[in-house]
Amino acid sequence: MSADQRPMSRLGVVDEIFLRTHRGMGTPIALQGLWRTTDRVAPEVLEQVHAALRSGPLGRRVVRARVPGARPRWRANISAHPIRISERALRAGEMLAWADAQGFDLDPEYGPGWRLSTATLADGGSIVALTCSHVLADGRGLAIAVDQALSAAVTAEITAPQSDWSDARRQWGIVLGGTVRALRRGVPERPSAAPRRSGPASICGVVLEIPAADWELAAAAHAATGNSFFVHLIAQMLWDSGLHEPEISASIPVDTRDEPRVDNDMAMTEVAVTRSDTPATLREKCRAAYEYRISSPGGMPEEILQVLPARAAHALTRGAGERDILCSNIGPLPNTLSHLGPHPCRGVAARAIHPGLTPPLPRTRLSGYLSRLGHTYTLALTSLDPAIRSPTALNDLAHTTLTAHGLTPTFW
């Protein structure tokens, strides 16, 4: 079902996939926006942002339906974690480790699903982190929520819900009709789950910046789009780390919004990257991939995942969007994010973190989150590959790959 047909007060299929990961069925994921300011952010500015977020679209929680087949719905929730303030100033090399630790105790069902945190920096600035459960929003949705809060233009996104009975009739009608049509084409095969990996949960990340003009010039020089160039770079980093496989499978989120909305309004597609691929050949592969989306199992209607018990739905979708690499192009960020009140930002990043991740590890070895603000591209990298043993190793890997493609990164 397309996003524009889904009432905003009910959870969509992707929302519920992330709700199951919150409940321990899958890879835990939280989204995070980071601001690095040139001077220390005044407490009253953070209080204003915090209050706006509480009354905005992130201020909600999941309520389970009582009628079988009806979807869970959103309910406004103005309770929030207090602003978390670090007790000591951080050096530049400590910022991301501090930010990684902000993903605990986020509960989209029974408690606040987001947190605003801050720490002063030894160089005189501040680092501010907004961390939220992936159930509440995807990367683009989080940027929209922050834009609304910082521009003081928050509007209610939670409409009066349909009754559970009405929603259940609608869901069962879609599922039964779609299942009959699918079965007429043959009994669908059970999808194979993405392979998990043994070993310790070793996670590290870096954030780097590149002038937008340099990025676009390099992409054009390789006859690529900015996005296919991005996919090529992330795949090349994984190969440069020592991977011996002849092919890398890339998972690519695709924004499906037709208007600004704070939710998980996306689909997933995939691209097979070979060692012989160039940014130019990947341009064609990416273009073809956008016409094909990773869909529900066996041609069944995707709504079947919302009427099955949680563990059965998880068994059908386990690892469905996980590939060797994740290339999430969040796109341009609203200009409102360039300041926190009167405080200009010298860096803004968007990424995902994995609070409480335990073995076995997901298939994904390296994730990249690309965003643009003004004249700067920001690339946040997260490694789950044991071969990349530290942030320093990931830093060196990214530097080597990017400079080989004519780019000079500046690391946070």
Side-chain angles (χ1 to χ4, degrees), residues 28-50 53 80-106 112 114-133 139 142-143 146 149-150 201-210 333 337-357 367-369 371 373 376-384 388-399 409-412:
I29 307 175
L31 298 181
Q32 191 169 70
L34 298 173
W35 291 264
R36 189 179 179 186
T37 62
T38 55
D39 55 358
R40 293 188 180 180
V41 178
E44 57 269 22
V45 171
L46 289 176
E47 291 289 351
Q48 291 169 0
V49 174
H50 189 260
L53 290 169
H81 291 295
I83 299 173
R84 191 165 188 254
I85 303 174
S86 174
E87 296 180 354
R88 66 180 185 87
L90 304 178
R91 297 186 301 273
E94 298 176 308
M95 283 190 299
L96 293 185
W98 169 84
D100 288 342
Q102 306 309 310
F104 69 96
D105 194 26
L106 300 178
W114 60 275
R115 168 181 291 107
L116 191 66
S117 313
T118 187
T120 58
L121 299 176
D123 63 7
S126 291
I127 179 76
V128 177
L130 172 61
T131 312
C132 83
S133 166
L142 181 60
V146 175
L150 296 183
S202 176
I203 307 174
C204 60
V206 299
V207 174
L208 59 93
E209 297 175 355
I210 295 168
L333 300 178
L337 275 63
S338 64
H339 286 72
L340 283 175
H343 306 285
C345 298
R346 57 174 167 167
V348 178
R351 64 177 192 152
I353 59 175
H354 303 284
L357 180 65
S367 300
Y369 305 91
S371 58
L373 184 58
T376 302
Y377 274 106
T378 301
L379 176 59
L381 298 170
T382 300
S383 170
L384 295 158
I388 305 172
R389 300 181 181 276
S390 68
T392 300
L394 182 57
N395 184 309
D396 293 343
L397 178 65
H399 185 273
T410 301
F411 289 84
W412 280 27

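For reference, positions follow the sequence shown, starting with 1.
Distance OG/S383 to CG/L394: 5.5 Å, rounded to 0.5 Å. Distance check, rounded to the nearest 0.5 Å: CZ of F411 to CG of D396 gives 8.0 Å. Rounding to the nearest 0.5 Å places CD1 of I127 at 7.5 Å from CG of L96. Considering OG1 of T376 and CD1 of I210, their distance stands at 10.0 Å, rounded to 0.5 Å. Taking CE of M95 as the reference point, atom CG of L90 lies at 8.5 Å (rounded to 0.5 Å). Taking CZ of R40 as the reference point, atom CG of L121 lies at 8.5 Å (rounded to 0.5 Å).
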Decide yes or no on side chain to side chain contact (heavy atoms under 4.5 Å, CB included) for L397 and L381, but give the supporting numbers first. CA-CA 11 Å; L397 178 65; L381 298 170; over 6 Å; no
Working for side chain to side chain contact (heavy atoms under 4.5 Å, CB included), residues Y369 and T382: CA-CA 9 Å; Y369 305 91; T382 300; 4.1 Å; yes
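In plain terms, the two heavy atoms of R36 and A92 that are nearest each other are NH2-CB, 4.1 Å. Taking all atoms of both residues into account, the shortest heavy-atom contact from A122 to A89 is N-CB, 4.2 Å. Counting all heavy atoms, side chain and backbone alike, V41 lies closest to L340 at CG2-CD1, 4.3 Å. A pairwise comparison of heavy atoms in W98 and S86 identifies NE1-CB, 3.9 Å as the closest pair. Shown here for A352 and L31, the closest heavy-atom pair between the two residues is CB-CD2, 3.9 Å. Residues G205 and P391 share a closest heavy-atom pair of O-CB, 4.0 Å.
Under the rule for a salt bridge (charged side-chain N to carboxylate O under 4.0 Å, His left out), the partners of R351 that lie at least two apart in sequence or sit in another chain are D100.
Here the side chain of Q32 pairs no donor or acceptor atom with the backbone of I353 at under 3.5 angstrom. The backbone N or O of H81 lies less than 3.5 Å from a partner atom in the side chain of H50, making a donor-acceptor pair. In this structure, the side chain of T37 does not engage the main chain of C345 through any donor-acceptor pair within 3.5 Å. Distance alone, capped at 3.5 Å, is enough to place a donor-acceptor pair between the W35 side chain and the L337 backbone. In this structure, the side chain of H399 does not engage the main chain of P409 through any donor-acceptor pair within 3.5 Å.
Between D105 and R84 there is no salt bridge, since no side-chain nitrogen of the basic residue lies less than 4.0 Å from a carboxylate oxygen of the acidic one. Between E94 and R88 there is a salt bridge, since a side-chain N of the basic residue sits under 4.0 Å from a carboxylate O of the acidic one.
No side-chain donor-acceptor contact under 3.5 Å links T131 and Q102.
No more than 12 heavy atoms of other residues, nucleotides or ligands lie within 6.0 Å of CZ in R389, so this atom counts as exposed by the packing criterion.
With a 4.5 Å cut-off on side-chain heavy atoms, T378 and L373 do not count as touching.
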